[in-house]
Amino acid sequence: MENIDVIYQKMGIRKSVTDFGARIADSLQERFHAIDDVSEYNQLKVIHAMQKNRVNDACFQYASGYGYDDLGRDTLEKVYADVFHTEDALVRPQVTCGTHALSLALGANLRPGDELLSPVGKPYDTLEEVIGIRPSKGSLAEYGITYSQVDLLPDGSFDYENIKKSIHEKTRLITIQRSKGYQTRPSFSVAQIGELIRFVKKIKPDVICMVDNCYGEFVETIEPSDVGADMVVGSLIKNPGGGLAPIGGYIAGRKDLIENCGYRLTSPGLGKEVGASLGVMQSFYQGLFLAPVVTASALKGAILAANIYENLGYHVVPNGKESRHDIIQAVTFGIPEAVIAFCKGIQAAAPVDSYVTPEPWAMPGYDSDVIMAAGAFVQGSSIELSADGPIKPPYAVYFQGGLTWPHAKLGILMSLEYLVREGIVSL
Ligand SMILES: *Cc1c(COP(=O)(O)O)cnc(C)c1O
């Protein structure tokens with residue numbers, strides 16, 4: 001075989017970059033083994049759920065019209081319920097994205113006069129409009145649903161004292177975001193989430209605990225639904241879609257709550273009975289099948305990025321040694337030029353649209369310009385190698401995804417190559 005450096009150089013990456021990357025990657029072998037062990041467990045969990053529910057060729061058939069008795073859809077929802085150890089699930093192409101799934105889970109289970117509480121600080125940017133933190137048409141606030149928030153303590157831990165004070169008779173639902181999203185706070189382990197849920201339920205046993213599970217699926221061997229969450233919610237163009245799902249969101253949880261979500265998604269009286277799967281089922285099943293290994297590839301990429309940039313003196317969250325609770329890696333560069341160079345490198349390493357130059361842009365749902373690098377097979381898919389950099393202090397990039405480990409590695413090396421070319425980093 002030709003020396004690997006030769007093909008890296010053909011692709012525009014200098015030897016000092018590949019040497020530096022190889023040295024860091026070599027030091028991470030033990031952690032990569034541990035990630036492979038988790039993915040082996042989760043792979044078995046998924047296959048076991050598919051076997052138990054007798055997944056078969058008929059599940060992949062095209063269904064149209066009302067979609068009554070859509071076998072593929074109904075069986076997939078049972079598979080998801082088994083993977084997450086919940087009573088039921090809603091997994092559909094009609095759920096257009098993660099924000100929609102979260103909005104649905106909230107809107108379906110809150111009523112006027114109820115209060116929603118986030119005990120983990122500000123939620124993901126797009127949820128600000130769902131809740132009405134930023135005034136928005138159709139928000140929960142417009143329907144008379146109030147919101148309260150308890151920020152994390154300065155060290156990133158839960159502020160139990162103020163959480164306790166914020167739970168009262170109107171508190172109906174608690175939303176816990178597992179991943180940091182676009183913040184530099186730590187992401188939570190499933191065990192930490194379990195501890196928070198136990199605390200909250202002791203104060204108010206009938207409060208609904210929902211977890212925004214985006215980017216967290218299959219990172220650990222257990223999910224928030226294994227530690228008391230009543231609903232877990234996520235996007236199929238992130239981890240559980242395995243890169244193959246072309247659209248979709250899921251909600252897995254308690255039967256009565258999922259039933260409400262069904263009525264909200266389609267119509268009162270119709271619920272989960274309608275909603276044809278329109279030929280996407282094979283990609284949903286096959287994507288879920290691949291998801292544990294795809295998530296492992298993305299995790300290895302995140303850990304490599306953390307260790308490379310930490311070694312170069314940048315602040316990285318999580319740091320190079322910490323255990324992982326989601327696939328996002330934040331790197332704080334402090335200057336916009338570095339954010340832009342990093343994203344250009346990620347773009348240049350993509351299999352699709354590698355010749356495109358990303359530029360900062362005002363995106364709907366975000367409150368500053370954002371530069372987004374993604375050369376994805378599925379538009380906007382962030383289980384595929386991608387990076388987002390809001391152009392505002394502290395000038396951090398959020399890097400995630402990689403359907404295969406070699407591609408994740410190429411992307412990170414290319415980002416470093418671009419930083420070297422711009423004179424921002426010298427090796
Ligand atoms: C991505 C994400 C969302 C929203 O999902 P979209 O599919 O982009 O709408 C919500 N919460 C978190 C933590 C996320 O990472």
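Residues take their numbers from the sequence shown, with the count starting at 1. Just follow the structure's listing: the first ligand is 1, and inside any ligand the first atom is 1.
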task: Compute the centroid of each ring, for Phe199 and then for Phe158, and state whether the two points are separated by less than 6.0 Å.
output: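 Judged by ring-centre distance (under 6.0 Å), Phe199 and Phe158 do not meet the cut-off.
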- request: Assert yes or no for the condition that the ring centre distance of Phe342 to Tyr309 is strictly below 6.0 Å.
  value: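 Under 6.0 Å, so yes.
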Does an N or O anywhere in [X] fall below 3.5 Å from an N or O of ligand 1?
| X | result |
| --- | --- |
| Lys238 | yes |
| Asp212 | yes |
| Gly98 | yes |
| Ser179 | no |

Check: residues 146-153 side-chain donor-acceptor pairs under 3.5 Å, at least two apart:
{"residue": "Thr146", "atom": "OG1", "partner": "Glu115", "partner atom": "OE1", "Å": "2.8"}
{"residue": "Tyr147", "atom": "OH", "partner": "Gln149", "partner atom": "OE1", "Å": "2.8"}
{"residue": "Ser148", "atom": "OG", "partner": "Glu115", "partner atom": "OE2", "Å": "3.4"}
{"residue": "Gln149", "atom": "NE2", "partner": "Asp151", "partner atom": "OD1", "Å": "2.8"}

query: Between Trp405 and Phe32, how do the two ring planes meet: parallel, tilted or perpendicular, split at 30° and 60°?
result: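 Trp405 vs Phe32 ring planes: perpendicular.
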What are the atoms of ligand 1, with element, lying closer than 4.0 Å to any heavy atom of [X]?
| X | value |
| --- | --- |
| Leu102 | 10 (C) |
| Ser235 | 7 (O) |
| Thr99 | 4 (C), 5 (O), 6 (P), 9 (O) |
| Tyr215 | 15 (O) |

task: May I ask whether Ile237 places a heavy atom under 4.0 Å from ligand 1?
output: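 Heavy atoms of Ile237 never come under 4.0 Å of ligand 1.
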message: Taking 4.0 Å as the limit for heavy-atom contacts, which would you say applies to Gln177 with ligand 1: side chain only, backbone only, both, or neither?
response: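 Just the side chain.
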query: Do Tyr215 and Ser187 get their side chains close enough for a donor-acceptor pair, meaning under 3.5 Å?
result: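 Distance-only check fails for Tyr215 and Ser187.
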Scan the side chains in residues 346-355 for donor-acceptor partners under 3.5 Å anywhere in the protein, sequence neighbours excluded, and list what turns up.
{"residue": "Gln347", "atom": "OE1", "partner": "Ala374", "partner atom": "N", "Å": "2.9"}
{"residue": "Gln347", "atom": "NE2", "partner": "Asp353", "partner atom": "O", "Å": "2.9"}
{"residue": "Gln347", "atom": "NE2", "partner": "Ala374", "partner atom": "O", "Å": "3.3"}

message: Measuring from atom CD of Glu77 to atom NZ of Lys272, what distance do you get when rounded to the nearest 0.5 angstrom?
response: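 Between atom CD of Glu77 and atom NZ of Lys272 there are 4.0 Å.
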